[in-house]
Amino acid sequence: AQSVSQHNHHVILSEAASLELGCNYSYGGTVNLFWYVQYPGQHLQLLLKYFSGDPLVKGIKGFEAEFIKSKFSFNLRKPSVQWSDTAEYFCAVMDTGRRALTFGSGTRLQVQP
Amino acid sequence: KAGVTQTPRYLIKTRGQQVTLSCSPISGHRSVSWYQQTPGQGLQFLFEYFSETQRNKGNFPGRFSGRQFSNSRSEMNVSTLELGDSALYLCASRRVPVGGNTEAFFGQGTRLTVV
């Protein structure tokens with residue numbers, strides 16, 4: 001069974017600081033990779049996705065992620081966070097055969113003004 | 001374009017009762033999946049429906065069931081409710097093009113409280 005690990009459970013940053021959230025997965029087959037965000041009181045929204053091709057993917061709101069196949073990693077980055085980025089971030093993997101998302105435990109990001 | 005719509009938003013039920021949750025996918029999306037979100041277990045996959053057939057199932061007891069209608073709308077049912085079933089239940093829809101990959105879009109969820 002595949003699993004997803006998010007190493008940072010709670011991150012506190014000041015505005016303008018850089019962000020990197022780690023995500024590692026365990027599965028040897030073909031996967032699709034995602035980062036979702038859940039703002040307080042809102043539904044899960046897609047930040048970015050990786051299916052194939054360029055391992056550096058750009059998403060909404062200035063977020064990007066890099067897929068490193070040899071490390072089974074898909075880390076999320078943003079050069080300069082804003083107070084409005086305060087939310088919970090979930091890394092997810094979809095086994096292309098099973099079509100079910102496996103989520104990490106989430107990282108709560110708190111950005112202080 | 002309307003998003004994924006889940007009803008009701010909130011439910012309070014008593015142990016032993018059953019409950020039915022509803023999900024209307026984005027127009028044109030034929031795959032509907034259900035997830036359970038709890039503070040302790042996080043987000044866990046329940047099942048996926050496509051063309052009115054359950055295609056995949058997560059590791060949940062048989063008390064959790066679902067169905068999909070010809071218009072792609074889906075319902076999930078939980079029978080003999082237990083306190084541990086208290087959770088946010090999320091529905092996600094996908095377009096599923098032939099030979100392609102697509103992302104899942106989530107609804108606001110139904111917050112179920114079992115007392």
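Keep in mind that what you see is a predicted model, and the values were worked out from it rather than measured. Labels below follow one simple rule: chain letters A, B, ... track the order of the sequence lines, proteins then strands, and each chain is numbered from 1.
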Is there a path of hydrophobic side-chain contacts, each under 4.5 Å between heavy atoms of I, L, V, M, F, W or Y residues, that connects [X] with [Y]?
X: A:F34; Y: A:Y89; value: no
X: A:L33; Y: A:F72; value: yes
X: B:V78; Y: B:F47; value: yes
X: B:L11; Y: B:F64; value: yes

Spacing of [atom1] belonging to [X] relative to [atom2] belonging to [Y], to within rounding of 0.5 Å:
X: B:E48; Y: A:L101; atom1: CD; atom2: CG; result: 10.0 Å
X: A:L44; Y: B:Q37; atom1: CG; atom2: CD; result: 6.0 Å
X: A:L48; Y: B:E103; atom1: CG; atom2: CD; result: 11.0 Å
X: A:H43; Y: B:Q108; atom1: NE2; atom2: CD; result: 6.0 Å

**OP:** Just grab all the disulfide bond (SG atoms under 2.5 Å apart) pairs involving residues 12-44 of chain B, residues at least two apart or on different chains.
**Re:** B:C23-B:C91

Original post:
So what's closer than 4.5 Å to chain B heavy atoms on A:Q38: side chain, backbone, both or neither?
Top reply: side chain

**OP:** Could you please spell out the steps behind the side-chain contact (heavy atoms from CB on, under 4.5 Å) verdict for A:F103 and B:Y35?
**Re:** CA-CA 10 Å; A:F103 285 89; B:Y35 293 82; 3.9 Å; yes

**OP:** Check whether B:F50 gets within reach of chain A through its side chain, its backbone, both or neither, counting any heavy atom under 4.5 Å.
**Re:** side chain

Subject >> Test: A:R99 cationic atom under 6.0 Å from B:F45 six-membered ring centre, within 45° of axis >> reply: no

**OP:** Would you indicate whether A:R108, at its atom CZ, is surrounded by more than 12 heavy atoms from other residues, nucleotides or ligands within a distance under 6.0 Å?
**Re:** no

Original post:
Taking atom CD1 of B:I12 as the centre, does the number of heavy atoms from other residues, nucleotides or ligands within less than 6.0 Å exceed 12?
Top reply: no

Subject >> Flag, side chain of A:Y36 to backbone of B:F106, donor-acceptor distance under 3.5 Å >> reply: no

Subject >> Sub-4.5 Å side-chain heavy-atom contact between A:N32 and B:T102 >> reply: no

